[in-house]
Amino acid sequence: LYSSAASDVYKRQGLQVNVAGEEFRVEVLDEKGEPLPGFSGARAPVFKNVDQLRLEPQWKGSPLERLKGRIVRLKFHLKKAELYSFQVRP
């Protein structure tokens, strides 16, 4: 069985997170652990009562593709939540 909608999911770029719980947020930091403007603090989206297999966080006005080729760190904030896995798609 082939589904074009399902195959499009695997062609997307960016961050995909498998997470469930009360509250979740992810910030992007530089290689030294300092917050990157546009990807941290108030620009990092907060997800409440989340249960997602392929959650794709978006940062307000800052596409993740802008950081392609840079070394970054991800900082996950969890409140009564479980982070099962994540992947960065080139």
Side-chain angles (χ1 to χ4, degrees):
L1 177 64
Y2 176 78
S3 169
S4 61
S7 67
D8 288 344
V9 169
Y10 298 105
K11 292 179 184 175
R12 292 184 189 156
Q13 296 177 338
L15 177 64
Q16 289 185 342
V17 183
N18 180 354
V19 62
E22 187 176 303
E23 191 172 296
F24 164 78
R25 166 170 86 100
V26 59
E27 294 183 275
V28 184
L29 313 175
D30 66 16
E31 61 186 287
K32 295 179 183 177
E34 297 297 321
L36 283 171
F39 296 94
S40 298
R43 294 204 177 243
V46 177
F47 298 91
K48 295 185 182 236
N49 300 313
V50 65
D51 187 1
Q52 293 285 321
L53 179 60
R54 291 187 187 102
L55 177 70
E56 295 181 358
Q58 304 293 316
W59 291 265
K60 299 172 187 168
S62 299
L64 195 58
E65 294 83 27
R66 188 177 100 193
L67 303 175
K68 191 170 186 169
R70 292 183 62 181
I71 296 173
V72 298
R73 295 179 180 202
L74 299 174
K75 183 176 182 180
F76 296 95
H77 300 265
L78 305 166
K79 180 179 176 185
K80 295 183 182 177
E82 301 274 344
L83 175 65
Y84 297 107
S85 65
F86 70 92
Q87 65 179 344
V88 179
R89 298 190 147 302

### Query
With a cut-off of 6.0 Å (strictly less than), are more than 12 heavy atoms of other residues, nucleotides or ligands near CZ of Phe86?
no
Starting from [Y], can I reach [X] by hopping between I/L/V/M/F/W/Y residues whose side chains sit under 4.5 Å apart?
X: Val88; Y: Leu67; value: yes
X: Leu83; Y: Phe47; value: yes
X: Leu55; Y: Leu64; value: yes
X: Leu15; Y: Val28; value: yes

## Note on the structure
Separation between CZ (Arg89) and CD (Glu56), nearest 0.5 Å, reads 9.0 Å
#### Entry: Interatomic distance, Gln16 atom CD to Arg54 atom CZ [nearest 0.5 angstrom]
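Interatomic distance, Gln16 CD to Arg54 CZ, rounded to 0.5 Å: 6.5 Å.
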### Query
Under a 4.5 Å cut-off applied to non-hydrogen side-chain atoms, are Asn49 and Phe24 in contact?
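Sidechains of Phe24 and Asn49: no contact.
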### Query
Given side chains that start at C-beta, do those of Trp59 and Leu36 come closer than 4.5 Å, heavy atoms only?
no
### Query
According to the side chain to side chain donor-acceptor pair (under 3.5 Å) rule, which pairs have a member within residues 32-43, sequence neighbours left out?
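Non-adjacent pairs meeting side chain to side chain donor-acceptor pair (under 3.5 Å): zero.
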## Note on the structure
Residue set satisfying side-chain hydrogen bond (donor to acceptor under 3.5 Å, both in side chains) with Glu23, at least two apart, ordered chain then number -> Lys48
Using residues 69-81 as the side-chain source, report each donor-acceptor pair under 3.5 Å to any protein atom, sequence neighbours left out, with the distance given to one decimal.
from  : atom 1 : to    : atom 2 : distance (Å)
Arg73 : NE     : Glu31 : O      : 3.1
Arg73 : NH2    : Glu31 : O      : 3.3
His77 : NE2    : Glu27 : OE1    : 2.6

### Closest heavy-atom pair and its distance - Ala42, Lys60
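Closest heavy-atom pair between Ala42 and Lys60: O-NZ, 3.6 Å.
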### Query
Under the side-chain contact (heavy atoms from CB on, under 4.5 Å) test, which residues partner Asn18, sequence neighbours left out?
Leu53, Tyr84, Ser85
